[in-house]
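Note sheet for the following structure.
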Number of protein chains: 2
Amino acid sequence: MKEIEKTLENKSVRPTAMRILIYKYMAEKEIAVALTDIENAFAKADRTTLYRTLKTFEEKGIVHQIDDGTNISKYALCEPGCNCEIEQDLHLHFHCNNCDETVCLTEHKIPQVNLPDGYVAEDANLVIKGICEKCSGQ
Amino acid sequence: MKEIEKTLENKSVRPTAMRILIYKYMAEKEIAVALTDIENAFAKADRTTLYRTLKTFEEKGIVHQIDDGTNISKYALCEPGCNCEIEQDLHLHFHCNNCDETVCLTEHKIPQVNLPDGYVAEDANLVIKGICEKCSGQ
DNA sequence: GCAATAAATGCACTTCCGTTGCACGGTTTA
DNA sequence: TAAACCGTGCAACGGAAGTGCATTTATTGC
Ligand SMILES: [Mn+2]
Ligand SMILES: [Mn+2]
Ligand SMILES: [Zn+2]
Ligand SMILES: [Zn+2]
């Protein structure tokens, strides 16, 4: 628990009780979580607090937002060496059509693509949809 | 106009007045359009009709839906040889951070990516964000 | 320790988009 | 022509994101 506090402080985010809980919750999940997921996990907490916590985490580089095509924003903890901002470092995400879960494939970077003249790339998002490892029967 | 009727009939969609207008509107735009865009263009028409028209067009392979990360569904006419269903044929989309417009880069296919064991790809979505040709000063 | 200040939280409310149910009217088919 | 079907319009709902403001909690200067 002390570790989480350290992690938050290192990112200049004050380690409040709620923030530590949310961080812990996300760390235990290996999949991307939606605001509603957290809301259901902590019936006690207010959605606005969770919402703003995620925004804060995102601004401070603790989590990154994931758009998996479900129109529900998901979030996942950044890996130790994660540089979401840098275009080179963008990894792809996988969304399972069966269990509806989204995972970061941190090792799989988005391949470089050539664009027509005049187009300048600043960011990229690649989502693969299909059947995940758990659902494909190992 | 007769051509549009033919096109719709070829896709087994009855060419009603409204459908022809919507098709024409989309054909004239070179960018992806949202339901609200069409709604604003045809103040007369009901939102539901436009919504269902787009759904019908999508089912019949006349348009394809685009998720550009804005959380607003966009649609664009399928090119003559478009096979949206086939995974191999998926092209990428570009969303301009400046003018907020989204375009199909039909010629640019989504590169094949390797997935970890157990993952089966069925669909893919690649969106590049940045500055479009118009906004980058040619 | 205490007052002043700033930050975090909670509640209420709004907006936006997508979606559905149902009723009406025109078109196709038997 | 009658029945069946399909397209359209109106109304309403639901989920999720986002905002304003009051309240509580933590931090800082004295
Ligand atoms: Mn990720
Ligand atoms: Mn396209
Ligand atoms: Zn799965
Ligand atoms: Zn632009």
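Naming: A, B, ... by sequence-line order, numbering from 1 per chain. Quantities reported herein were computed from a predicted structural model and do not represent experimental measurements.
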Heavy atoms under 4.0 Å, any strand shown: does B/Thr16 hit a base, just sugar-phosphate, or nothing? sugar-phosphate
Starting the side chain at C-beta, find the nucleotide from C/dC17, C/dA7, D/dT8 nearest to B/Thr53. D/dT8
Rounded off to whole Å, could you give me the NZ-to-C1' distance for the B/Lys60 and D/dG7 pair? 13 Å
Heavy-atom pair with the smallest gap, counting every atom of A/Ile128 and B/Ala124: CD1-CB, 3.8 Å
Are B/Leu50 and B/Leu54 packed together at the side-chain level, in the sense that at least one heavy-atom pair is separated by less than 4.5 angstrom? no
Length of the line joining B/Asn71:CG and D/dA17:C1', which is rounded to integer Å: 9 Å
How close or far is atom C1' of D/dT19 from atom CG of A/Asp46, stated in whole angstroms? 13 Å
Nearest to the side chain of B/Tyr51, heavy atoms from C-beta on, is which of C/dT9, C/dA7, C/dG18? C/dG18
Would you check if the distance from the ring center of A/Tyr119 to the ring center of B/Phe94 is below 6.0 Å? yes
B/Lys44 NZ to D/dC10 P, in whole Å, measures 10 Å
Please report whether the ring centroid of A/His93 lies less than 6.0 Å from that of A/His91. yes
Can you tell me how far C1' of D/dA17 sits from CG of A/Leu50, to the nearest Å? 14 Å
Answer with base, sugar-phosphate or nothing: what part of the nucleic acid does A/Arg47 contact at a heavy-atom distance below 4.0 Å? base
A/Ile20 has an atom CD1; how far is it from atom C1' of D/dT25, in whole Å? 15 Å
By the 4.0 Å heavy-atom rule, please label A/Arg52 as base, sugar-phosphate, or nothing. base
Send over the distance from B/Glu39 CD to D/dG9 P, rounded to a whole Å. 12 Å
Starting at atom NZ of A/Lys55, determine the distance to atom C1' of C/dA8, rounded to an integer number of angstrom. 17 Å
Evaluate salt bridge (charged side-chain N to carboxylate O under 4.0 Å, His left out) for A/Glu101 paired with A/Lys134, printing each intermediate quantity in order. CA-CA 10 Å; A/Glu101 290 182 351; A/Lys134 274 190 298 184; 2.8 Å; yes
Hey, is the side chain of B/Thr48 pairing donor to acceptor with the base of D/dC10 inside 3.5 Å? yes
